[in-house]
Amino acid sequence: MYINENFIKLPQSYLFSTVAAKLKEYRAKHPDADLIRMDIGDVTLPIAPCVVEAMHRAVDDMASAETFHGYGPEQGYPFLREAIATTDYQNRGIDISADDIFISDGAKSDLGNLGNIYSKKSIIGVADPGYPVYVDSSVMDGRGGELLPDGRWSRILYMDCLPENGFKPAVPERGVDVLFLCSPCNPTGTVFTRDELTRWVEYARRNKTLIIYDSAYEAFVQDPEIPRSIYEIEGAKEVAIEVRSFSKTAGFTGLRCGYTVVPKELKGYDREGNEYPLHQLWNRRQSTKFNGASYIIQRGAEALYTPEGREAIKKNIDIYLSNARYIRQAMEKAGFEVFGGENSPYVWVKRRGEEDSWKLFEKILHEAEVSSTPGIGFGECGAGYIRLTGFNSPENTHKAMERVSKIKFDDASEATENFTAFNDVKNIKAIDVLDDLTEKLGL
Ligand SMILES: *Cc1c(COP(=O)(O)O)cnc(C)c1O
């Protein structure tokens, strides 16, 4: 048999393994190092008690013939689809119904698998820097073309995200078939405003583009003016699929559950120009290749829609956001250029005059014992940047920022203020919340 040669074309992603190797090397050389991980791309707070209890009950259901659950619906259980439709959409004035929603085992699977329902010849548009799954899964499906010397693929349209455009992709001049958009964005932490998102929806309607809208971080949006769903924009149901996850919102990274909205109004076309509802295609794909997310996990996710669940999500998010805000302020005061970190757990950081992400990574590692993620790993436009995350504990976040603020850089942008004067009040609240949470869980 012949292999899918697209896999050979795809270079290894060295980002996270190289970071891990460099941290390991540092620890080996400095056995007493008190390394603080500010590169964490995973949540750290535990699952809410109401979710844990719901899952315990679901396990017990499995133990007797009357309440046992075998194969569930491939689209997900109605109890969860309805809770999502009501709470995440209808109560916010968005007209999405339970049967537009497909429960998944996480957003990453669906972001990759959606490629099954559009043509192999589709031209893909992505923001650079961006979440690597969009490009890599497109390449695996044969939509990359050739890898160019600059590390980009010949058939993919890259939309540069730079300080000039506030790290937000500009609407391209040409049409593309499928556009990946992410807001709040991983890695830059930026968010689309209502006007910007409206321009994307208009672009998609004009060009018959399918938008795959990754809103894995929607729960981090605090500003009421910032849309949390693309369906807040008029006409979006005819052009957009929305992919969401309980991972970052509710600590489900290890439990695995998310959902994808494919509105019944959304159409694709064959070569003769005939219309087909994508809902039908995705339903067919899921029924064939997916046997549903676990009953136990779906019961756990359902508990997130109770008042206790809502409260638990809010507490987690408040802690991560307060960390991100702290990072943002501390890095700015220490003379860095800082983006994101306001409606997002991610802070995107640069030192003026330093164009090499790895050098900045090394300097902060060696002089502050703080780890970060080199921005270049997320795309060419990430060169010079590092990503810091709000997922560590408030205590560690504070300690890390204090250390980073003491690093000496030989550029003009020195710290603007004495850092010790900066110990802000908001974060005390976050620590209290954390204590409260650990106490409840009996830790
Ligand atoms: C973490 C992440 C996901 C994947 O989430 P899972 O549901 O855990 O698969 C998707 N998109 C972005 C941008 C992410 O950062």
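Atoms within each ligand, like the ligands themselves, are counted from 1 in listed order. Worth saying up front: this structure is predicted, and the values here are computed from it rather than measured.
Listed by first then second residue, pairs satisfying side chain to side chain donor-acceptor pair (under 3.5 Å) with a partner in residues 279-292 read Gln75-Asn283, Asn113-Arg285, Asn116-Arg285, Asn116-Lys289, Arg284-Thr288, not counting sequence neighbours. Residues in residues 147-161 take part in these side chain to side chain donor-acceptor pair (under 3.5 Å) pairs, two or more places apart or across chains: Asp128-Arg152, Arg152-Asp160.
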Could you list each N/O atom of ligand 1 together with any protein N/O atom closer than 3.5 Å, one pair per line with the distance?
from     : atom 1 : to     : atom 2 : distance (Å)
ligand 1 : 7 (O)  : Ala107 : N      : 2.7
ligand 1 : 7 (O)  : Ser245 : OG     : 2.6
ligand 1 : 7 (O)  : Ser247 : OG     : 3.3
ligand 1 : 8 (O)  : Ser247 : OG     : 2.6
ligand 1 : 8 (O)  : Arg256 : NH1    : 2.9
ligand 1 : 8 (O)  : Arg256 : NH2    : 3.3
ligand 1 : 9 (O)  : Ala107 : N      : 3.3
ligand 1 : 9 (O)  : Lys108 : N      : 2.9
ligand 1 : 9 (O)  : Arg256 : NH2    : 2.8
ligand 1 : 11 (N) : Asp214 : OD1    : 3.4
ligand 1 : 11 (N) : Asp214 : OD2    : 2.7
ligand 1 : 15 (O) : Asn186 : ND2    : 2.9
ligand 1 : 15 (O) : Tyr217 : OH     : 2.6
ligand 1 : 15 (O) : Lys248 : NZ     : 3.1

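Note on ring orientation: taking the six-membered ring where Trp is involved, the planes of Tyr131 and Tyr134 are perpendicular (angle over 60°, cut-offs 30° and 60°). Ring geometry for His398 against Tyr326 counts as parallel: the plane angle stays under 30°, on a 0 to 90° scale with 60° as the upper cut.
Side-chain rings of Phe167 and Tyr385 approach one another, their centers coming within less than 6.0 Å.
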Show me the side-chain donor-acceptor pairs of residues 232-240 shorter than 3.5 Å, one per line, residues at least two apart or across chains.
from   : atom 1 : to     : atom 2 : distance (Å)
Glu232 : OE1    : Arg194 : NH1    : 3.2
Glu232 : OE1    : Arg194 : NH2    : 3.2
Glu232 : OE2    : Arg228 : N      : 2.8
Glu232 : OE2    : Ser229 : N      : 3.1
Lys237 : NZ     : Asp95  : O      : 2.6
Lys237 : NZ     : Asp95  : OD2    : 3.2
Lys237 : NZ     : Glu265 : OE2    : 3.3
Glu238 : OE1    : Arg205 : NH1    : 2.8
Glu238 : OE1    : Arg205 : NH2    : 3.3

